[in-house]
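To keep things clear, I will list the structure first and then write my remarks on it.
Quick note: numbers below take in every heavy atom, side chains included, and nothing from hydrogens, waters or symmetry partners. Start at 1 and go down the list; that is how both ligands and their atoms are numbered.
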Amino acid sequence: MRRLWKAPAVLVAAALVLSACDLVGGGAYPSREITIVVPFSAGGPTDTVTRLIAEPMAAELEAEVVVQNVEGAGGTVAAGQVADAEPDGYTVLMHHIGMSTAPTLYPDLAYDPLEDFEMVGLVTEVPMTFIGSPNFEPNTMEELITYVEENSDTVNYANAGIGAASQLCGLLFETATGLDLNEVPYEGTQPAMEDLLGDQVDFMCDQTTNTTEPILGDQVKAYAVTTPERIETLPDLPTTAEAGLEDLQVTVWHGLYVPAGTPEEVVSALNTALAAALQDQNVIDRLNALGTAPVPQDRVTPEAHRELLQSQTDLWRPIIEEAGVTAS
Ligand code: ASP
């Protein structure tokens, strides 16, 4: 039986005075609802990862955590919005590898990913897979390359906009094969996947968080995984290297951000909650089933996150510049 404890009136009054003081002085964090902004549609990979960790983070923070999808311009609309938000820890951004490609893709980007945010920590690294619509002719990566070559006017490649991981993967495919893709941009993977399943677009490259189930259910054609080794959840799927695209390797890392100037203790509270969420058995099991895993605990730090963002920005810049892709 649960015991109910009734606070004496004097204690209740003291608590009320205390919380009023808290509010005046900025107060203990968190004292209200936290919003995690997802820069792509609901149901896509970024959204899936965010919603998985939101609940255990809320439990750790003892506050409500809501997820808000702010789509547009390959994730840059949401990132710009969070960069401009109050640096108080109540507006948090979940973003992926696109944080490192956007500065090269968007010469007029309104924010600087390294300067305008505090990093909270890395979350996960997700393999990508090339998949085709159910009635798309090619059955293997080799057939896909030949088919795109022979039908370059009509074949469509779905992505989630310039700055999306799917756009980066398409760019790597173009660089590796010398082919040009007709890209069809969506606001996220979820609407792209719906059209792919309905044979309205031909192929895409996206994260295993959203492609594992359609691949295992034989709902789509699967061509290759973009990791150096095959992955346990899809053991029959060849790697891009096995399929002849040795240089095409990419995994999509995700991280949490708050606006620059957020107090250190707030970043630290969010980091502790993130680290706890990534040890939650349900989170681990679900990510494992979707072909990924939480990053190791020693990498769930602002320092590791900043280092990765910097090195990835440096890695992708010349590749994007060489490909000559810009958003304007
Ligand atoms: N992660 C996807 C992409 O970048 C978009 C999404 O999360 O919906 O292609």
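Judged purely by atom type and a 3.5 angstrom limit, Asn182 uses its side chain to pair as donor or acceptor with the backbone of Val155.
How far CG of Leu308 is from CD of Glu125: 6.5 Å, rounded to the nearest 0.5 Å.
Atoms of ligand 1 lying under 4.0 Å from at least one heavy atom of Ala160, given by number and element, are 3 (C), 5 (C), 9 (O). Set against the non-hydrogen atoms of Gly188, the atoms of ligand 1 under 4.0 Å away are 8 (O). Residue contact check: His96 has heavy atoms under 4.0 Å from atoms 1 (N), 3 (C), 4 (O) of ligand 1. Within ligand 1, counting atoms from 1 as listed, the ones closer than 4.0 Å to a heavy atom of Ala164 are 3 (C), 4 (O), 9 (O).
When hydrogens are left out, the protein atom nearest atom 2 (C) of ligand 1 is Thr189 OG1, 3.1 Å; that is the closest non-hydrogen contact. Scanning all protein heavy atoms for the shortest distance to atom 7 (O) of ligand 1 gives Thr46 OG1, 2.6 Å. Protein heavy atom at the shortest distance from atom 1 (N) of ligand 1 is Gln207 NE2, 2.8 Å. Here the heavy atom of the protein found nearest to atom 9 (O) of ligand 1 is Ser166 OG, 2.5 Å.
Neither the backbone nor the side chain of Asn159 comes within 4.0 Å of ligand 1, counting heavy atoms alone.
A parallel orientation is assigned to the rings of Phe136 and Phe203, their planes being inclined by less than 30° (bins at 30° and 60°). In this structure, Phe173 and Phe130 have tilted ring planes: the angle between them lies in the 30° to 60° band.
When every heavy atom of Val126 is checked against every heavy atom of Thr209, the shortest pair comes out as CG1-N, 4.0 Å. Counting all heavy atoms, side chain and backbone alike, Pro103 lies closest to Met99 at CD-O, 3.5 Å.
Under a 4.0 Å heavy-atom criterion, Gly98 is not in contact with ligand 1.
Ring centroids of Tyr186 and Phe40 are separated by 6.0 Å or more, keeping the two rings apart.
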